[in-house]
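Just so we're clear, the structure is a prediction, and the values are computed from it rather than from any experiment. Numbering of ligands and ligand atoms starts at 1, following listing order.
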Amino acid sequence: MPNHLLEIDDLSSAAITKIIELSKVEDPDQVLQNKGAALLFEKPSNRTRNSMEMAIIQLGGHPITIRPDEVGIGERESAEDVARTLSCYHALIGARVFAHSTVEKLAGASTVPVVNMLSDTSHPLQALADLLTIWEEFGTFEGCAVAYVGDANNVARSLAMACGLMGIEFRIAHPDGYGFSKSDEEAIRGIGTLLSTTHSPSEAVAEANVVYTDVWASMGQEKERVKRLADFEGYTVEDKLFELTNEDSIFMHCLPAHPGEEVSRSVLDSSRSRIWGQAENRMHAARGFLLHLFQEGNQK
Ligand code: CP
Ligand code: NVA
């Protein structure tokens with residue numbers, strides 16, 4: 001059955017459209033009845049853990065969350081042996097990891113689907129919830145432009161790819177040295193994303209429909225925090241910047257947020273902010289994805 005989701009472009013645009021539809025199903029088939037789902041975490045989580053656990057329960061399944069000290073991927077035993085073992089008990093393995101190669105190793109050995117619940121390079125489940133949020137807001141992806149202000153991190157990379165898959169323009173404004181790598185940029189453009197990069201937040205957000213940001217120091221980058229706070233000065237999403245967008249534009253953030261750093265409290269709390277609907281959509285999008293995976297077989 002394996003049909004892993006390691007990055008958002010493991011799904012076609014047709015599959016994403018279907019997942020968005022399935023996210024809305026109110027009485028879903030119990031496709032995980034009497035089945036287990038192992039959720040492995042090398043890093044902390046609030047939204048991902050809770051939304052995945054609840055989505056699995058809503059489909060009749062039983063999630064088992066595994067903390068870093070309990071399994072020790074690559075320490076107590078290899079990623080491959082962890083995956084082989086968990087495949088014996090579970091219909092699904094979710095993993096939040098540091099190195100993206102860890103989810104690749106898990107997927108290489110697992111006999112059940114492996115879902116990337118965030119790696120240092122990618123956050124595909126977040127991107128699905130982001131697309132669902134944009135769809136709910138505008139009812140279309142056509143003519144939509146997302147302006148991401150900040151670090152070209154895991155969330156930005158998956159979002160840029162997701163935008164490309166669905167025909168959304170993606171702009172990023174970042175300080176020098178914090179953009180996509182050349183190979184990431186090629187991969188993003190390679191799937192058809194209309195991508196533009198700039199060092200000017202005001203240029204990026206001009207007449208955008210969505211302004212998106214994320215933390216300046218991601219999990220695992222704590223030692224760089226002080227340097228990053230200095231390097232990102234001038235990249236805070238504030239009311240003044242937001243005023244340059246379209247009049248029906250919205251603000252999005254994957255959360256957790258650091259108010260006063262990447263975004264002001266005022267923008268987070270404004271009537272244009274969709275952060276709580278977006279957080280709720282993590283559960284609906286995860287359920288839609290799992291329904292697609294287990295109900296629709298191996299359709300991509
Ligand atoms: N957005 C997101 O993935 O949140 P958590 O890190 O709390 O799971
Ligand atoms: N870029 C952030 C996202 C958290 C959901 C991180 O990796 O820490």
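Classified by interplanar angle (parallel below 30°, tilted 30° to 60°, perpendicular above 60°), the ring pair Y148/Y212 is parallel.
For ligand 1, the polar-atom distance check finds an N/O of L255 within less than 3.5 Å of one of the ligand's N/O atoms. Ligand 2 has a nitrogen or oxygen under 3.5 angstrom from a nitrogen or oxygen of S218. Checking only distances, C254 does come within under 3.5 Å of ligand 1, N or O to N or O. Taking any N or O of R49, backbone or side chain, none lies under 3.5 Å from an N or O belonging to ligand 1. Residue D214 has at least one N or O atom closer than 3.5 Å to an N or O atom of ligand 2. Polar contact with ligand 2: present for N154 (N/O pair, distance under 3.5 Å). Taking only nitrogen or oxygen atoms, main chain and side chain alike, M219 reaches within less than 3.5 Å of ligand 2.
Here the rule is side chain to side chain contact (heavy atoms under 4.5 Å, CB included) with P201, and of L241, T236, V237 only L241 fits it. Partner W216 forms a ring pair (Phe, Tyr, Trp, His ring centres under 6.0 Å) with one of Y235, Y178, F232 and no other, that one being F232.
In summary, the side chains of H258 and E262 do not present any donor paired with an acceptor at a separation below 3.5 Å, with no hydrogens or angles considered. Inspection of the T133 and Q278 side chains reveals no N or O donor paired with an N or O acceptor under 3.5 Å.
Heavy atoms of D120 found under 4.0 angstrom from ligand 2: none, in either backbone or side chain. Under 4.0 angstrom from ligand 2, the non-hydrogen atoms of L118 all belong to its side chain.
The protein heavy atom nearest to atom 2 (C) of ligand 1 is R282 NH1, 3.4 Å. In this structure, the protein non-hydrogen atom closest to atom 7 (O) of ligand 1 is N46 N, 2.7 Å. Counting protein heavy atoms only, atom 5 (C) of ligand 2 is closest to L255 O, 3.7 Å. Scanning all protein heavy atoms for the shortest distance to atom 4 (O) of ligand 1 gives R47 NE, 2.9 Å. For atom 6 (O) of ligand 1, the nearest non-hydrogen atom of the protein is R96 NH1, 2.8 Å.
For CZ of R189, the number of neighbouring non-hydrogen atoms (other residues, nucleotides, ligands) closer than 6.0 Å is greater than 12. Counting heavy atoms of neighbouring residues, nucleotides and ligands inside a 6.0 Å radius, atom CD of E207 does not exceed 12 of them.
Judged purely by atom type and a 3.5 angstrom limit, R171 uses its side chain to pair as donor or acceptor with the backbone of A204. The backbone N or O of V149 lies less than 3.5 Å from a partner atom in the side chain of T213, making a donor-acceptor pair.
For ligand 2, the atoms closer than 4.0 angstrom to any heavy atom of N153 are 1 (N). Near S45, meaning under 4.0 Å from any of its heavy atoms, are these atoms of ligand 1: 5 (P), 7 (O), 8 (O). In summary, the atoms of ligand 1 found under 4.0 Å from a heavy atom of H123, numbered by their order in the structure, are 2 (C), 3 (O).
Using a 4.0 angstrom heavy-atom cutoff, T48 does not count as in contact with ligand 2.
Using a 4.5 Å heavy-atom cutoff, the side chains of N209 and E137 are not in contact.
From E42, atom CD reaches atom CG of D69 across 12.0 Å, with rounding to the nearest 0.5 Å.
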